[in-house]
Structure formats: C-alpha cells, structure tokens
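What follows is a set of notes on a single structure, which appears directly below.
A note on names: the letters A, B, ... follow the listed sequences, proteins ahead of strands, and every chain is numbered from 1.
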Amino acid sequence: MDGTELLRAELARAAQSLGAPSDIEPQLERPRDPSFGDWASNLAMTLAKPLGRKPRELAQAIVERLDYARAGISSAEIAGPGFINFRVAGDVFAEGLRALIAAADQYGRSNVGQACPVNVEFVSANPTGPLHVGHGRQAALGDAICALLAATGWRVTREFYYNDGGVQILNLALSVQARVRQLGGQTVDLPEGGYHGEYIRDLAQRYIDEHSSDANAEDVDALRRFAVRELRKEQDRDLQAFGVHFDVYFLESSLYTDGRVDQTVDRLISAGHTYEKDGALWLKTTDFGDDKDRVMRKSDGTYTYFVPDVAYHVTKWERGFKRAINVQGADHHSTVTRVRVGLQALDIGIPEGYPEYVLHQMVTVMRSGEEVKISKRAGSYVTVRDLIDEVGRDAVRYFFLMRKGDSQLVFDVDVARSQSDENPVYYIQMAHARLSGIFRVGEIDPESITGVDVDLSVLELSEEQELMKALLDYPTLIAGAAQSLEPHRVATYLHDTAGKIHLWYHKAHVLNEPDEILRARLVLARASQLVLRNGLELLGITAPERM
RNA sequence: GCGCCCAUAGCUCAAUCGGAUAGAGCGUCUGACUUCGGAUCAGAAGGUUGGGGGUUCGAGUCCCUCUGGGCGCACCA
C-alpha cells in the first residue's frame, strides 16, 4: 500500500482508451532527481512500439486523458524521451503518514506469503569448533531473511542442520583423545587432519575432569559424544550472543537411524537412475544436466555425503515445506546442482528449483592491515564471538548485512572496532535516538501522536517532502527485499533515510515552534521513528532511545 | 581444463523489471554549534562503471569475448 494504486489504475485506463491491451500494469518509480516530481512512468516508451506511435506523442495523449482527481495527482509532465512525471496531491502524503502511524509496528508488513510454510536453513555448522566469521555472515543473513519473510506473511521455520557423525567427527574425537594423553604427560601427535585449536585442549581438560574412569581416553565413543555436546553448547552460546535462534536442530545421524538414507537409495534405484560400476553405486546425474555422474555408495559400502543431503531435503518436502531456502557459503555451491538433481531423480513431484539457495561469498578478515586466515584446523581464525566482543552485536550484524551476499566481504576488525562515525550503524541509531530525544525533552508521549486533526500541509520544506516520500516507500522496499531475499536493501534504505532524518532535524526545529508547526512536525518525527525502529528490528539491530 | 560468483570515485560499497545528469560512507580540502544530542550538518574535489564487440528509443544492468580476482571441480563433508 504505497498510495499509487489509484494512479496506476488511471494510467491503465488512459492507455487502454488509446488501444493498449487490457492487461497492462503500468509501473511507477521514483525519479532519480526529486525535482522531476514524486513519481515517474515509462509507460509511453514501453507502449510506443506496439502501438506504433512516437513515445512523446503517446505520452501527451495519455496525459490528456488522465483524470487528475481520480489519480490523486496535482500535475503530470512529459520529460526526456517520453517519461511522464507526476506530482502527488498534498493530501495523499498526509493520509499516508496517518496510516503509517496507525499501523505502528505493523507498518511495512504484508500478507503476500499467505501464511504458507517456508523452511530456512542456515549456519548449519558442524560441531567441530566455535563459529567463525563466515558463519556470522550466514547467521546475520539468514536471520534477516527469516525476518523479511515473516514480515511479508510467510510462516517461517528456522532450521539448523548438522553432521554429528562421520569422518570429521571421528577426527574431532581423536584430536581430543590426543590432547587428553598429552595432558597426562604422554608424547603423542595429533591425528592427521585433526583439529589444532586451543578449544580442543580445553575440551580435553574438561573431559579428564568429568571422566576419571577413562584417564587414558580409550573410549572414543564417549569422547565423540562429549566433544559434540560441548561444542554444540558453545555454538549455541555464540548464536545467543548474536541474538539468533532456531526452531529446529536437525541431526544428520537421524537420517541413518530412522532408515531414511536407505529409503532414499532404494527409491533412486527403483526410479531407474542408478547403475553399478567399479564396485560402487552411481547416480546418473547427467540425465538431469550434471556434468558427470556421481557416486552414491562407495565400494566400501558407505554413502557419499550427498545421499543423506538428498534424504534430508526429502524430509523438508514431506514436512510440508513447499518452499525451502538454504543460506550457504559459496564454497558449497557444487551441492546446489547435486541436491536438486537427486530430488528430481526420486521422481516424487518435487519441483526443479527446490530448494532455493542464497549463496554468500567468502569473508576476509583484516586486522592491522593483514589478512587473518580463516581455518578451523589451524585454530587461529576469528570467531563470531571475537567480533561480537570487540565491536558489539549491532555493528557486527550491520556490517554483515550492508552488502550484497554475492560479493566478497572484507571485515576490517580495526575499522569495525573503532566506535566512530566510520560505523554506519551508529548513524542510523543516532537518528532514532535524536527523534526519541524530541519526545523525551518535550515530555510528549510518542504513542499519543496520531496525526488526526493535524494539518500536515505546513510540512512544506523540501527536506520534509523528501523524508515523507522515503517513509512512504518503506513498504515497497520491504516487499522487494523479501521477494529477492536481499536484506542489504533494507540496510541501504535505513542509512539513506537516516540521512534524510538528520538533514531535516538539522534544518527544522520541532519544540518551541508555533503550535501548528509543532503538531505537524511531531507527526513526522513519530512516523520517522517508527520506520527506523521497524527496519532495524528486521535486521536484528536495536533502536536505542539514547546513546 | 570445466563450472559458479565478482570487477563501479583513493578505500569500502549502492544503484528497484533495462530508464533521465551513476549515488552514499570513509579519506582529503573549506565551512557551520544561545535551541530537540556536533556520533550532526553545508560545500568542494574525485568516474571512459576492468578492456573490446553486440542487442535497442535507452546498458553499470542483457548477450559474446578478453583480462584480472575468489570459490568449487575426490568412491572427502
């Protein structure tokens, strides 16, 4: 609801009277230069070819047929190659602001998702160490995507999938075992491919404390269970510190114990897409566009990773998620094709693009001008916890969200740590704190502001007009960000809008102004405060009343 | 060798479905505080959108190609 329905309908009517097809849906956009007007339409240019007329001439014809009152506009001008620029009638802004305030924390939300269930899987770190910065980016991204989907009417399930068995976990157990024995005075090396981080030594010490009967760490199974449990707890603490929660933790091992892996293999075989070669069982993924076939069951009888992956996604489908979104690092992009192909080969009615993937590029951490290598095994990587402790949750979230996921991210710890104006999150939060300050100092309850019976036509500064337009764009922005699964659009919008707020705040005083100015500006302040607060909440960032 | 992603101001990044004069922040330079917070604001400088070709009324955006970077290409996960 951005108040353009009337204008779009009127444009469509005018165009149809000139011979345009009955199903056209004219698009409106904000002109780059605000002096052109409030809205612009390229309708005449898109219709010029099919109707065989010159764009500007067609634009003129459309404008002549417009009923300004019905469209809610005060002017329509033709510009450039055939744009039509509109100015909105003043009361449209006023009504928009009142509706905004009445909606309050619901402003910007919609119901396009129609309460359909959607599963969003993210982080999904294996319990072999603390969460690193890459997981941090994924946590911020996934959490914001969930918030956007929820805000647009989807019923969201946040899911964390992890591998609690297999070779990696065995290495983990053996690494702890080696450390236990070292602490007992023995000279032993860590296993090949083992984990070298300090946290392994901590785990070993705690294992000794809790398992006095197994001083030499002979019980590998107990070591494994202990290490997985402790590292899961540690990851949960990291996530909690980051303010991220999950609804479902899904264990890979459960796919084996409940027979789903075998079931999946059987189904693939009976669907006729497999063959045996060199003692292994292969899936003909090339039938579905892969560049070569993939092994499902190795000659030693165990399955390759992608079989449980496929089985896992079958459970998502069978749990009723017609839509599933996976947020993953781009280093896993090769799984995209394989999981989808595996699901197709099952031939159980799962659509081709299932699941959807949001891939994010790698994070490079810079400290003191040098790259800090991220490696679980080296144990010298930067963890999510490190970042939160150093720069705070809000700044970490914002840093991870301010960029498109598909570009690489340089996280400069030194810059992020400096609590200065280099951190854009403070700029946004400051705008919110300033608005809150108006109400605090004026001893006015912001909840009492409704805009009803207030003449908003006195808000005639250009800064006020621009700010109002930005605030009324918010619902469209949210809808677009949710649809494209791009939270960075919200971050960019909030930064822009905060700029408009600072500008207005600097130019226009609120308190101690004549009554009609005071009342109108309080409405604008309240509306701005609500938009900032709603937007920040979607990104998981606090909106402080004072800083 | 093959596949995916990226390349925009000195640096880090935006740019809504292909729209008008490509925008912010930082950094640099010049300015603004008796008011509700100077963590702010105003102004200036800074660009052949990596190179080349194509598509069209119009290309940072789409197609081809080259260059440069990241990631992935095991009967590892």
Using the side-chain heavy atoms of [X], tell me which of these nucleotides is nearest: [options].
{"X": "A:P81", "options": "B:G37, B:U40, B:G19", "answer": "B:G19"}
{"X": "A:E29", "options": "B:C75, B:C41, B:G19", "answer": "B:G19"}
{"X": "A:M45", "options": "B:A15, B:C41, B:C57", "answer": "B:C57"}
{"X": "A:F83", "options": "B:A20, B:C73, B:G38", "answer": "B:A20"}
{"X": "A:Y427", "options": "B:G19, B:U40, B:G72", "answer": "B:U40"}
{"X": "A:H488", "options": "B:A20, B:A15, B:C57", "answer": "B:A15"}
{"X": "A:I438", "options": "B:A77, B:A20, B:C36", "answer": "B:C36"}
{"X": "A:M547", "options": "B:G37, B:C75, B:A77", "answer": "B:G37"}
{"X": "A:R434", "options": "B:A77, B:G72, B:U40", "answer": "B:U40"}
{"X": "A:R403", "options": "B:C41, B:A14, B:A77", "answer": "B:A14"}

Using a distance-only criterion (donor-acceptor N/O pair, under 3.5 Å, no hydrogens), is the base of [N] paired with the side chain of [X]?
{"X": "A:N85", "N": "B:A20", "answer": "yes"}
{"X": "A:Y426", "N": "B:A39", "answer": "no"}
{"X": "A:S299", "N": "B:C75", "answer": "yes"}
{"X": "A:H332", "N": "B:G72", "answer": "no"}
{"X": "A:D331", "N": "B:G72", "answer": "no"}

[X] bridged to [Y] by N-O distance under 4.0 Å:
{"X": "A:R521", "Y": "A:E516", "answer": "no"}
{"X": "A:R489", "Y": "A:E486", "answer": "yes"}
{"X": "A:K316", "Y": "A:E159", "answer": "no"}
{"X": "A:K500", "Y": "A:E466", "answer": "no"}
{"X": "A:R30", "Y": "A:D473", "answer": "yes"}

Distance, rounded to the nearest Å, where [X] contributes [atom1] and [N] contributes [atom2]:
{"X": "A:D496", "N": "B:G23", "atom1": "CG", "atom2": "P", "result": "12 Å"}
{"X": "A:R489", "N": "B:G23", "atom1": "CZ", "atom2": "P", "result": "19 Å"}
{"X": "A:E486", "N": "B:A14", "atom1": "CD", "atom2": "C1'", "result": "12 Å"}
{"X": "A:K292", "N": "B:C75", "atom1": "NZ", "atom2": "P", "result": "7 Å"}
{"X": "A:F306", "N": "B:C73", "atom1": "CZ", "atom2": "P", "result": "15 Å"}
{"X": "A:K277", "N": "B:A74", "atom1": "NZ", "atom2": "C1'", "result": "14 Å"}

**Whichever of A:L409 and A:V441 has its nearest RNA chain B nucleotide further upstream toward 5'** = A:L409

**Asked** In terms of side-chain heavy atoms, does A:Q429 have a donor or acceptor partner in A:D394 at a distance below 3.5 Å?
**Response** yes

**Message:** Is it the case that the side chains of A:Y249 and A:D164 hold a donor-acceptor pair, with the cut-off being a distance below 3.5 Å and no angle test?
**Reply:** no

**Message:** Please convert RNA chain B into dot-bracket. A pair counts if it is Watson-Crick or G-U wobble with both distances under 3.5 Å; crossing pairs go in [ ] and bases paired with another strand get |.
**Reply:** (((((((..((((.....[...)))).(((((.......))))).....(((((..]....))))))))))))....

Using a cut-off of under 3.5 Å, enumerate the N/O to N/O pairs linking the protein to nucleotides 29-35 of chain B.
| unit_1 | atom_1 | unit_2 | atom_2 | d |
| --- | --- | --- | --- | --- |
| B:U35 | O2' | A:H509 | NE2 | 2.6 |

**Prompt:** Roughly how far apart, to the nearest Å, are B:A9 and B:A14 at atom P?
**Reply:** 12 Å

**Request:** Check the angle between the aromatic planes of A:Y275 and A:W282 and answer parallel, tilted or perpendicular using the 30° and 60° thresholds.
**Result:** parallel

**Request:** Answer whether the closest heavy-atom distance between the side chains of A:I428 and A:P424 falls below 4.5 Å.
**Result:** no

**Message:** Quick check against the 3.5 Å criterion: does A:T152 have a side-chain atom that pairs as donor or acceptor with the backbone of A:L149?
**Reply:** yes

**Request:** Determine yes or no for a side-chain-to-main-chain donor-acceptor pair under 3.5 angstrom, with A:T337 supplying the side chain and A:S334 the backbone.
**Result:** no

**Request:** Considering just the side-chain nitrogens and oxygens of A:R338, establish if one lies under 4.0 Å of OP1 or OP2 belonging to B:C73.
**Result:** no

**Prompt:** What does A:A508 touch in the nucleic acid at a heavy-atom separation under 4.0 angstrom: a base, only the sugar-phosphate, or nothing?
**Reply:** base

